[in-house]
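These notes are about the structure you will find just below.
Keep in mind that what you see is a predicted model, and the values were worked out from it rather than measured. Numbers for residues simply follow the sequence, beginning at 1. As the structure lists them, so they are numbered: ligands from 1, and atoms in each ligand from 1.
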Amino acid sequence: MSNRIAVYPGSFDPITYGHLDIIHRGMKVFDELIIAVARNSEKKSLFSIDERLAMIRDTIGENGKVRVDTFDGLLVDYVMSQGARVILRGLRAVSDFEYEFQIAQMNHSVQEEVETLFMMTAVPYGYLSSSIVKEVAALKGPVDTFVPPAVKKALQHKLGRNE
Ligand code: ADP
């Protein structure tokens, strides 16, 4: 068991350059980063779990420091089961704070061994979210600055092409 393993949980529906920025920075801080896609999120998703995993794997490529996985049930139970003690989350605009604060407190009260650590978003991604990307893509707007090419392709496939 080690503090140097962090779990980066989320919906990743789909993965964006904002997520990737947190992943790359997280890799510098931790020995191993587990990207954990939530199976039981109440959010209605556009992409299936398998599609989301494929897009993440496609984007990250082979990387010995990163593992891609799914989880259901309590996040802190999953974190403990992986021998990790840290949950990594990204913080964007002030609007993220209230929600993240609640979840982090809840997780800590359920399992005090597990700490949630936050990384501030990088400036270009401060207002970038999977939801915004899906909205823009549905309206046939350009998403090149928000998501990697493979994700752009998947969005076009799912939502209909522009050209
Ligand atoms: P969730 O449904 O758990 O919020 P998301 O996939 O939306 O899942 O986000 C996963 C994590 O990535 C969250 O901590 C979120 O704050 C962070 N994140 C998402 N987009 C960005 C971004 N543009 N910059 C920094 N962090 C981000």
Side-chain angles (χ1 to χ4, degrees), residues 5-30 32-60 63 65-79 82 84-108 110-111 114-138 141-152 154-155 158-159:
I5 305 174
V7 173
Y8 178 38
S11 314
F12 304 100
D13 184 43
I15 189 163
T16 70
Y17 284 135
H19 293 122
L20 281 168
D21 176 62
I22 299 290
I23 292 167
H24 287 130
R25 287 159 62 200
M27 269 159 42
K28 293 185 193 156
V29 177
F30 300 100
E32 187 182 352
L33 198 61
I34 303 172
I35 304 170
V37 181
R39 282 191 178 272
N40 58 354
S41 169
E42 285 185 359
K43 287 186 186 174
K44 213 178 139 346
S45 59
L46 176 65
F47 293 100
S48 71
I49 294 279
D50 286 344
E51 288 169 330
R52 284 181 263 164
L53 289 173
M55 282 185 279
I56 296 172
R57 292 200 171 109
D58 208 63
T59 305
I60 308 262
N63 190 313
K65 288 189 89 174
V66 179
R67 194 143 56 82
V68 186
D69 197 8
T70 63
F71 73 98
D72 45 25
L74 277 181
L75 173 61
V76 286
D77 288 347
Y78 173 76
V79 172
Q82 299 303 301
R85 295 294 179 269
V86 175
I87 297 169
L88 178 63
R89 294 284 290 178
L91 266 190
R92 284 162 295 187
V94 189
S95 49
D96 274 347
F97 180 79
E98 187 74 28
Y99 173 74
E100 294 292 341
F101 186 59
Q102 261 183 27
I103 302 281
Q105 281 203 324
M106 181 54 69
N107 282 334
H108 199 253
V110 174
Q111 176 50 265
V114 173
E115 290 291 343
T116 304
L117 300 183
F118 295 96
M119 270 187 185
M120 295 295 169
T121 184
V123 170
Y125 310 125
Y127 291 95
L128 174 54
S129 66
S130 301
S131 319
I132 293 278
V133 169
K134 285 181 279 190
E135 274 184 44
V136 173
V143 293
D144 307 71
T145 52
F146 306 143
V147 294
V151 176
K152 176 186 171 182
L155 280 164
K158 199 58 99 173
L159 299 166

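Those atoms of ligand 1 that come under 4.0 Å of a heavy atom in Gly10, given as number and element, are 3 (O), 8 (O), 10 (C). Heavy-atom proximity to Tyr125, at under 4.0 Å, picks out these atoms of ligand 1: 22 (C), 23 (N), 24 (N). Contact atoms of ligand 1 toward Leu128: 20 (N), 21 (C), 22 (C), 23 (N) (distance under 4.0 Å to a heavy atom of the residue).
With rounding to the nearest 0.5 Å, the separation of CG in Leu20 from OG1 in Thr59 is 6.0 Å.
Looking at Ile22 next to ligand 1, no N or O pair under 3.5 Å apart turns up. The distance criterion of under 3.5 Å between nitrogen or oxygen atoms is met by Phe12 with respect to ligand 1. The shortest N or O to N or O distance between Arg89 and ligand 1 is under 3.5 Å. Residue His19 has at least one N or O atom closer than 3.5 Å to an N or O atom of ligand 1. The distance criterion of under 3.5 Å between nitrogen or oxygen atoms is not met by Gly126 with respect to ligand 1. Polar contact with ligand 1: present for Thr121 (N/O pair, distance under 3.5 Å).
When side chains are defined from C-beta on, Asp96 does not count as touching Arg89, because their heavy atoms never get closer than 4.5 Å. Side-chain atoms of Leu155 and Leu46, non-hydrogen and from C-beta on, do get closer than 4.5 Å to each other. Residues Leu53 and Asp69 have side chains not in contact (no heavy-atom distance under 4.5 Å, counting atoms from C-beta outward).
The salt bridge (Lys or Arg N to Asp or Glu O under 4.0 Å) search around Lys65 returns none, not counting sequence neighbours. For Gln105, there are no side-chain hydrogen bond (donor to acceptor under 3.5 Å, both in side chains) partners, not counting sequence neighbours.
Residue contacts with ligand 1, taken as heavy atom pairs separated by less than 4.0 Å, involve Tyr8 solely via side-chain atoms from C-beta onward.
A donor-acceptor pair under 3.5 Å is formed between the side chain of Lys134 and the backbone N or O of Asp13.
The shell of residues lying under 4.0 angstrom from ligand 1, judged by heavy atoms, includes Pro9.
The minimum heavy-atom distance between Gly126 and Arg92, with the atom names listed, is O-CB, 3.3 Å.
Residue Ser11 holds the heavy atom nearest to atom 2 (O) of ligand 1 of all those in Ser45, Ser11, Pro124, Pro14.
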